[in-house]
Amino acid sequence: MPEYSSLEKIRLQKLDELRAEGLEPYPTRAARTHTSAQAIAEFESAEVDGREVRVTLAGRMRSSRPKGKLTFAHIEDGDGKIQLFLRVNEIGEARLEFFNKMFDLGDFIEATGVMMRTKAGEVSLQVLDFKLLAKSVTPLPADKDVTQADGSVIRYASLDDPELRARQRYADLAVNPEVRETFYKRAAIIKALRAFLDDKGFLEVETPILQPLYGGAAARPFVTHHNELEQDMYLRISFELYLKRLLVGNLEKVYEIGRDFRNEGVSFKHNPEFTQLEFYWAYADYLQVMELTEQMVSFTAQHVLGTMKIKYKENEIDLTPPWKRLEMREGIKQTSGIDIAEHKSAEELFQAIKARHPNKTPDPKATRGKLIDFLLSEFLEPTLIQPTFLYNYPRDISPLAKSIPGDALTVERFEGYVAGFELCNAFTELNDPLDQEQRFVEMGRDYAEGDDEKHPLDEDYLRAMRYGMPPNGGFGMGVDRLAMLLLDKHTIREVLLFPALRKEEFE
RNA sequence: GGGCGCGUAGCUCAAUGGCAGAGCAGUGGCCUUUUAAGCCAUUGGUUGAGAGUUCGAAUCUCUCCGCGCUCACCA
């Protein structure tokens, strides 16, 4: 049993009083005839010839201004707010007093009446009858904006503790309309991505989330257990290996939008479960994927925001294709002064970095791939504000990508960067089963050396590939990151309804 | 996991070793066209939890819990 606050006790008392009068505080059905926007639109067209517009509205009470024998109140529904106008003339003193006494901010109520316009000009509902639809026992965090004489707005008591907002997203949504807006737009983004890919002939598929082996990315997995099969299962860390099996099965263009799980740290851009988009496209290469990517992202921006020019933090960003293309080696050379091609071993590269940037030294035990990654994130990444495709990556950090013909050390891979962070990752997919097996073995060795985890070898994936996999381009993008970018949100929490938080203890 | 910071009324915040406060909301009252209105009165606290130092702790110390920032991890 919860410990009720004094405010809650008052509301519980009202619940008892309502029931004592034979009124049901949680009736089963509502009888709404119009939304607030519909009622206002209908009134505005009827107003011209003085027709009466009679409606029943339903919504949550957000404000109440009793003024003697009158009460003004606003209710909010899915379309917005609308004012209720209650007067003793229509409903009598007893009913008005009942309304003022028994109804609280946050209650869901229903009101029937005739649309009218107040002296101040606001289209309102002149209430003839009303009833409670659902009593709110816990007061919503009061959210009150007062506009000062100088035009500045003081916001009293809004809900803005980030923990409370995330933990009690229901209250956050109820009180902060801009949060609702964020999630409407997030849904629109995902819809636009689907529409784009469907239109290009991609087939949406669903592959296992519970997997006997995990793969397709380097991340620690969540482990669970299937009782009846008596085996451990993993929550997927990527879709890649399953989607590429489908290419073996002659499906030429497939995509999946779904949840990935990575048992890693949490940060402003990492949540343990996140939404991923991956597609695989037979007979295409990474250059074609690049073009499709810039089309898809700009299409989504245009669709959701009505423009390809967006703002992120202090930057104006133009997503209009074509995006800048920059060879990774060249970009690192320009920003760090180090040409990775001149330092072919980890040792040499480490010395070069140490010589050139003595106060920014990476881990001396890092592999060459990790050192390149260090240079990339330390020097190059922060400069990539306008959309940029970085392309041609070292083979040793890309075990699933295909080498450039004639250059065994470099693979056909690109990452899309916008606003200084990585948005997507794509490559011409490795489809040579023997080469793939070799890479898996190398990868297993890398992990065995230092890290607390080893990557399992996916024999079934290799078997699939041995049947023959068409050459293809593959793509992966964090949808939450895209949402952050398009909606100018600076933490992943702001675009997730229920971000991961530590378990809450209830008394 | 490491470092730094935060946790006070329903919400947002004051009080830095000396009587725990304000605004909003709540409660009671007045008000027939308000714009989350105004006026009068008023309730509300185990200061995240526990221990310690002190004549005295929201304040200083320690442990724990939760969150934030940051680093590490995350091809």
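Quick note on labels: first sequence line is chain A, next is B, and so on, each numbered from 1.
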Which value, in whole Å, describes the distance between the C1' atoms of nucleotides B/G26 and B/G44?
-> 9 Å
Which nucleotide in the list B/C69, B/U34, B/A36 gets nearest to the side chain of A/Gln83?
-> B/U34
Which nucleotide in B/G44, B/A36, B/A75 has an atom nearest any side-chain atom of A/Ser6 | B/G44
Picking from B/C73, B/U33, B/G26, the nucleotide nearest the side-chain atoms of A/Lys67 would be B/U33
Rounded to whole Å, the NE2-C1' distance (A/His490 to B/U70) equals 18 Å
Out of B/C31, B/C73, B/G66, which nucleotide sits closest to the side chain of A/Pro66?
-> B/C31
Select one nucleotide: of B/U27, B/C73, B/G66, the one nearest the side-chain heavy atoms of A/Asp104.
-> B/U27
Identify whether the distance between the nearest side-chain nitrogen and carboxylate oxygen of A/Arg169 and A/Asp172 falls below 4.0 Å.
-> yes
For atom C1', what is the distance between B/G2 and B/U59, given to the nearest Å?
-> 28 Å
With P as the reference atom in both, quote the distance from B/C24 to B/G5 in angstrom, rounded to an integer.
-> 34 Å
Counting only distance, no hydrogens or angles, is the base of B/U33 paired donor-acceptor with the side chain of A/Glu122 under 3.5 Å?
-> no
Figure out the CE/C1' separation between A/Met102 and B/G28, and round it to whole Å.
-> 16 Å
A/Asp107/A/Arg60 under side chain to side chain contact (heavy atoms under 4.5 Å, CB included): CA gap, chis, key distance, verdict = CA-CA 6 Å; A/Asp107 288 355; A/Arg60 184 166 225 157; over 6 Å; no
Separation of B/A72 C1' from A/His270 NE2 (nearest whole Å) = 11 Å
Establish, yes or no, whether the cationic atom of A/Arg413 lies under 6.0 Å from the six-membered ring centre of A/Tyr393 and within 45° of the ring axis.
-> yes
Among side-chain atoms of A/Tyr280 and A/Glu278, is any donor-acceptor pair under 3.5 angstrom?
-> yes
Between B/A20 and B/C13, how far is it from one C1' atom to the other, in whole Å?
-> 14 Å
Atom pair distance, as rounded to whole Å: CD in A/Gln276 and C1' in B/C74 | 13 Å
For B/U12, what is the paired nucleotide under Watson-Crick or G-U wobble rules, both distances under 3.5 Å?
-> B/A22
Mind checking the P distance from B/A58 to B/C19? Whole angstroms is fine.
-> 10 Å
Do the ring planes of A/Phe99 and A/Phe130 sit parallel (below 30°), tilted (30 to 60°) or perpendicular (above 60°)?
-> perpendicular
A/Lys101 has a side chain; which of B/C67, B/G29, B/C31 sits nearest to it?
-> B/G29
Candidate nucleotides B/A25, B/A37, B/C73, ranked by approach to the side chain of A/Leu7 - the nearest = B/A25
Minimum-distance nucleotide to A/Arg413 side chain [options: B/A75, B/U34, B/G26] | B/A75
Nearest-nucleotide pick for A/Ile10, side chain only, options being B/G26, B/G28, B/C74 | B/G26
side-chain N/O A/Arg493 vs B/G68 OP1/OP2, d < 4.0 Å | yes
So, is A/Lys69 near the phosphate of B/C30, with a side-chain N or O under 4.0 Å from OP1 or OP2?
-> no
Out of B/A75, B/U34, B/C11, whichever nucleotide has its closest atom nearest the side chain of A/Thr118 | B/U34
For the pair A/Tyr461 and A/Phe440, name the ring-plane relationship: parallel under 30°, tilted 30 to 60°, perpendicular over 60°.
-> tilted
Is there a Watson-Crick or G-U wobble partner for B/G56 with both distances under 3.5 Å, and which nucleotide is it?
-> none
